[in-house]
**Q** 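Just dropping this structure here.
What's counted below: heavy atoms across the whole structure, side chains too, no hydrogens, waters or symmetry copies.
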Amino acid sequence: MWAGVFPAVTTKFTADDRLDHAEMERCYGLQMEAGCDGIIVCGSLGEGPMLSHDEKIEVLKTAQKVAGKKPVLLTVNEPGTREAASIARRAAREGANGLMVVPSPIYHTDQEETVAALRAVAEAGDLPVMIYSNRLAYRVDVTVDLMEELASDERFVAIKESSDDIRRSTEIINRLGDRYDLFTGVDNLAFEALSVGAIGWVAGLVTAFPRETVAIYQLMRNGRREEALKIYRWFRPLLDLDVSTYLVQNIKLAEALAIDTNDRVRMPRQPLSGERRKAVEKIVRDALAVRPQLPADFSRPVESMVAAE
């Protein structure tokens with residue numbers, strides 16, 4: 001059902017802490033122009049837990065305006081299942097193409113509770129669901145056993161696999177075949193995950209470097225591994241910025257330097273400052289100084305290239 005590069009987009013704010021829809025339209029448009037395949041709004045990178053339900057719906061509508069016919073998913077990351085079900089219903093009414101559902105980030109559910117909560121949200125929204133499995137950030141492991149238990153409900157269509165263990169991707173495929181659309185959700189494991197069978201990438205640094213992200217995905221899909229690896233090795237110091245307590249500030253600063261936007265965040269977060277800011281700026285500026293030239297034909301498969309030659 002879903003495949004390709006789905007940016008987990010940032011939420012843009014004005015200087016007085018309101019939603020900046022004009023800047024979101026511009027930034028999301030860059031993702032679409034680069035060839036991304038969908039958009040995911042209001043996730044961790046999108047500062048979803050800091051947004052009201054009304055604001056989440058507003059961001060959803062802005063993304064829908066930009067994405068056109070491409071899918072837009074709303075992230076459900078509420079602490080309580082009642083609130084999660086409520087926003088899921090609202091997303092459905094507003095025409096969301098699906099939900100990315102995070103187990104409660106506040107109360108760390110056991111396996112029985114995790115399954116019950118995910119099912120309740122899926123039933124409330126009655127939309128296709130991407131299960132977000134991130135045991136490091138959220139301390140709840142949606143294991144392969146739980147994925148198998150949920151597989152009887154056709155609304156669960158995809159997995160954002162962020163366990164930080166590349167072996168998990170193969171375990172999912174070995175156990176469940178193609179039952180779920182398998183996405184990687186860890187930027188600095190993306191090449192490895194695509195190598196072992198992931199068909200999608202929920203990406204973070206894509207918001208600052210959309211063309212490079214899409215090129216890696218397309219080259220891997222088309223069997224051009226060495227070309228993809230060359231770009232990925234250049235990209236790797238930037239991708240490491242996604243795996244941090246400060247991922248929101250890191251990536252928003254990368255956006256500011258790469259696509260000329262701002263790095264405003266919502267409190268209690270603060271923009272990076274001091275030595276931490278200098279370190280991230282150096283990583284980004286060093287990468288920009290040696291930005292690779294992308295193959296003009298990166299969407300062509302190996303077979304067609306051979307035939308053309």
**Q** Working to the nearest 0.5 angstrom, can you tell me the gap between L99 CG and I40 CD1?
**A** 10.5 Å
**Q** Return yes when atom CZ of R211 has more than 12 non-hydrogen atoms of other residues, nucleotides or ligands closer than 6.0 Å, and no otherwise.
**A** no
**Q** Scan T207, N250, T261 and name whichever one has a side-chain hydrogen bond (donor to acceptor under 3.5 Å, both in side chains) with E255.
**A** T207
**Q** Measure across E23 and D260 and return the closest heavy-atom pair with its distance rounded to 0.1 Å.
**A** OE2-O, 4.4 Å
**Q** Say whether, by atom type as modelled, one donor and one acceptor occur between the side chain of R269 and the main chain of V248 under 3.5 angstrom.
**A** no
**Q** Indicate, with yes or no, if Y132 and L73 share a hydrophobic cluster defined by side-chain heavy-atom contacts under 4.5 Å among Ile, Leu, Val, Met, Phe, Trp and Tyr.
**A** yes
**Q** Any donor-acceptor pair under 3.5 Å linking the side chain of N97 with the backbone of Q64?
**A** no
**Q** Please evaluate residues T11 and L51 with respect to the criterion side chain to side chain contact (heavy atoms under 4.5 Å, CB included), reporting the C-alpha separation (whole Å), side-chain torsions for both, the decisive distance (0.1 Å), and the verdict.
**A** CA-CA 9 Å; T11 301; L51 303 176; 4.0 Å; yes
**Q** Is it the case that one hydrophobic cluster holds both L182 and V101, taking links as side-chain heavy atoms less than 4.5 Å apart, direct or via other members?
**A** yes
**Q** Distance from E55 atom CD to E47 atom CD, nearest 0.5 Å?
**A** 10.5 Å
**Q** Got a second to check how far S52's OG is from L19's CG, nearest 0.5 Å?
**A** 7.5 Å
**Q** Side chains of V243 and V186: closer than 4.5 Å at any heavy-atom pair?
**A** yes
**Q** Please report the C-alpha distance between E171 and T143 in whole Å, then the side-chain angles of each, then the deciding distance to 0.1 Å, and finally whether the side chain to side chain contact (heavy atoms under 4.5 Å, CB included) criterion is met.
**A** CA-CA 10 Å; E171 290 166 5; T143 65; over 6 Å; no
**Q** Please determine whether side chain to side chain contact (heavy atoms under 4.5 Å, CB included) holds for the pair Y107 and V140, giving the CA-CA distance in whole Å, both sets of side-chain angles, and the decisive distance to 0.1 Å.
**A** CA-CA 9 Å; Y107 174 71; V140 174; over 6 Å; no
**Q** Taking the side chain from R277 and the backbone from L272, do they hold a donor-acceptor pair closer than 3.5 Å?
**A** yes
**Q** Using a 3.5 Å distance criterion without hydrogens, assess whether the side chain of K56 forms a donor-acceptor pair with backbone atoms of L74.
**A** no
**Q** Does the ring of F183 carry K160 above it, NZ/CZ under 6.0 angstrom from centre and within 45° of its axis?
**A** no
**Q** Is D37 reaching over with its side chain to a backbone N or O of V5, donor-acceptor style, under 3.5 angstrom?
**A** yes
**Q** Starting at CZ of R175, measure out to CD of E148 and round the result to the nearest 0.5 Å.
**A** 5.0 Å
**Q** What verdict does the side chain to side chain donor-acceptor pair (under 3.5 Å) test give for D16 and T14, after you've listed the backbone C-alpha separation in whole Å, the side-chain angles of each residue and the deciding distance to 0.1 Å?
**A** CA-CA 5 Å; D16 60 352; T14 62; 2.3 Å; yes
**Q** Mind running side chain to side chain contact (heavy atoms under 4.5 Å, CB included) on L253 and L241 for me, showing each step along the way?
**A** CA-CA 10 Å; L253 179 54; L241 298 175; over 6 Å; no
**Q** So, the side chain of R264 versus the backbone of D17: is there a donor-acceptor pair under 3.5 Å, distance only?
**A** no
**Q** Provide the full list of ring-ring contact (aromatic ring centres under 6.0 Å, His included) pairs with a residue in residues 9-34, sequence neighbours left out, each pair given once.
**A** none
**Q** Can you check whether W2's main-chain N or O pairs, donor with acceptor, with D181's side chain at less than 3.5 Å?
**A** yes
**Q** Determine whether a donor-acceptor pair (N or O, by modelled atom type, separation under 3.5 Å) exists between the side chain of Y180 and the backbone of M147.
**A** yes
**Q** Kindly indicate whether the side chain of M50, heavy atoms from C-beta on, has any atom under 4.5 Å from the side chain of P268.
**A** yes
**Q** Measure the spacing between CE of M32 and SG of C27 and express it to the nearest 0.5 Å.
**A** 12.5 Å
**Q** Roughly how far, to the nearest 0.5 Å, is the CD1 atom of I57 from the CG atom of L60?
**A** 5.5 Å
**Q** May I ask you to say whether R90 pairs ionically with D54, meaning some side-chain N is under 4.0 Å from a carboxylate O?
**A** yes
**Q** Using side-chain heavy atoms (C-beta onward) and a distance below 4.5 Å, is E212 in contact with L294?
**A** yes
